[in-house]
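Heads up, the thing below is written out as structure tokens.
Here the structure is a predicted model, which means the values were calculated and not measured.
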Amino acid sequence: MLALAVDTATPAVTAGLVELEQAAAGTNTSDAALPRTLAARVLVDARAHAEALTPQILECLAEAGVSRTDIAAVVVGIGPGPFTGLRVGMATAAAFGDALGIPVHGVCSLDAIAAECVPELGSGDELLVVTDARRREVYAARYRDGGRTRVAGPEVLKPDEVPVAGATVIAGSPAHTALFDLPALTVQTPSPAALVRVAAAALLSGATPEPLVPLYLRRPDAVERSFRTLDRMGA
């Protein structure tokens, strides 16, 4: 099946078309899924989500030589991520799904980063994934079983509050992985294939997607500024 995958939970604007096949008859686990990227676009620009995402999707369709009606499902990263960027990807995914009458599956963006790390992890590794949450904080989650199973998070914390005991490697935003005394993997953002891999079991089984609910983990910056203003005024 052909899936459109998008993510705007990080400064990277990511879009891609991924062909998903099942590797073993009768199993729908992510390890039995074979995602093959037909076309992908990634632009690292935290201010370009709204302008870049739809043109990237159209470029992917042209490169892959397929039409919108060939897409069978949409997979979108639901965060955690900053409010402004995250809603662009989710709204675009929902619009494509509605227009084409196809399911839209949301996946945790940190799970997709972990899925991309699977080939680099051993069964005994414990992976810490961190991305930029702004305000000198990070979004964090931890994974075992070679990156396949999330055991903590996602949550938003200051770097010195992130539990690191037991973690053996780290991945995610380079500026933030550097704050931790752990070997860093090269994976920084969710790839289209990794997004589809996380949703593979639901895609292959034909399961009805859960409602799209963004993982903001805190109020938008504009709301926070309003509350701080009221506090200063004594309201």
Distance, nearest 0.5 Å, that separates CG of Leu2 from CG of Leu20: 10.0 Å

Group every Ile, Leu, Val, Met, Phe, Trp and Tyr by side-chain heavy-atom contacts under 4.5 Å, then state whether Val151 and Leu127 land in the same group. no

Here the gap from Leu43 atom CG to His49 atom NE2, rounded to the nearest 0.5 Å, amounts to 8.5 Å

Hey, quick one: are Val169 and Leu179 part of the same hydrophobic cluster, counting side-chain heavy atoms closer than 4.5 Å, chains of contacts allowed? no

Student check: side-chain heavy atoms of Val42 and Thr14 closer than 4.5 Å: yes

Smallest separation among heavy atoms of Pro80 and Tyr139, with atom names: CB-CD2, 3.5 Å

Return a table of donor-acceptor pairs under 3.5 angstrom between the side chains of residues 88-115 and protein atoms on other chains or two or more places apart.
unit_1 : atom_1 : unit_2 : atom_2 : d
Thr92  : OG1    : Val88  : O      : 2.8
Ser109 : OG     : Asp7   : OD2    : 2.6
Ser109 : OG     : Gly79  : N      : 3.2
Asp111 : OD1    : Tyr143 : OH     : 2.7
Asp111 : OD1    : Arg150 : NE     : 2.8
Asp111 : OD2    : Arg150 : NH2    : 2.9

Heavy-atom side-chain proximity of Pro163 to Leu157 below 4.5 angstrom: yes

ILVMFWY cluster, Leu215 and Val74 together (side-chain gap under 4.5 Å): yes

Are there more than 12 heavy atoms of other residues, nucleotides or ligands under 6.0 Å from atom CD of Glu210? no

So do the side chains of Val198 and Glu116 get within less than 4.5 Å of each other, counting heavy atoms only? no

Roughly how far, to the nearest 0.5 Å, is the CD atom of Gln188 from the OG1 atom of Thr131? 12.0 Å

Decide if atom CZ of Arg144 counts as having more than 12 heavy atoms of other residues, nucleotides or ligands within a radius under 6.0 Å. no

Would Leu185 and Leu121 count as a side-chain contact (heavy atoms from CB on, under 4.5 Å) if you check the C-alpha gap in whole Å, the side-chain angles of each, and the deciding distance to 0.1 Å? CA-CA 9 Å; Leu185 302 181; Leu121 296 171; 3.8 Å; yes

Hey, what do you get for CE (Met1) to CD (Gln22), rounding to the nearest 0.5 Å? 11.0 Å

Checking Ile78 against Val213 for the side-chain contact (heavy atoms from CB on, under 4.5 Å) test, could you report, in this order, the C-alpha distance in whole Å, the side-chain angles of both residues, the deciding distance, and whether it holds? CA-CA 7 Å; Ile78 60 171; Val213 178; 5.8 Å; no

Give a yes or no on this: more than 12 heavy atoms of other residues, nucleotides or ligands lie within 6.0 Å of atom CG of Asp160. yes

Below 4.5 Å, heavy atoms only, C-beta onward: do Leu17 and Ile71 meet side chain to side chain? yes

Smallest separation among heavy atoms of Thr10 and Pro190, with atom names: CG2-CD, 4.2 Å

Going hydrophobic residue to hydrophobic residue with side-chain gaps under 4.5 angstrom, can you get from Leu86 over to Val130? no

Any chain of hydrophobic side-chain contacts (each under 4.5 Å) joining Val6 to Leu38? yes

How close do Gly85 and Thr8 get, heavy atom to heavy atom, and via which atoms? O-OG1, 2.7 Å

Between Cys60 and Ala15, which heavy-atom pair has the shortest distance, and what is it? SG-O, 3.8 Å

Let's go through Asp45 and Glu51 carefully: what are the C-alpha distance in whole Å and the side-chain angles of both, what is the deciding distance for side-chain contact (heavy atoms from CB on, under 4.5 Å) to 0.1 Å, and is it a yes or a no? CA-CA 10 Å; Asp45 186 341; Glu51 295 80 8; over 6 Å; no

Please report the interatomic distance CZ(Arg41) to CG(Leu53), rounded to the nearest 0.5 Å. 12.5 Å

Sub-4.5 Å side-chain heavy-atom contact between Glu120 and Val187: yes

Closest approach of Glu137 and Asp132, non-hydrogen atoms and distance? O-OD1, 3.9 Å

Can you see which heavy atom on Arg142 is nearest to which on Ala165, and at what distance? NH2-O, 2.6 Å

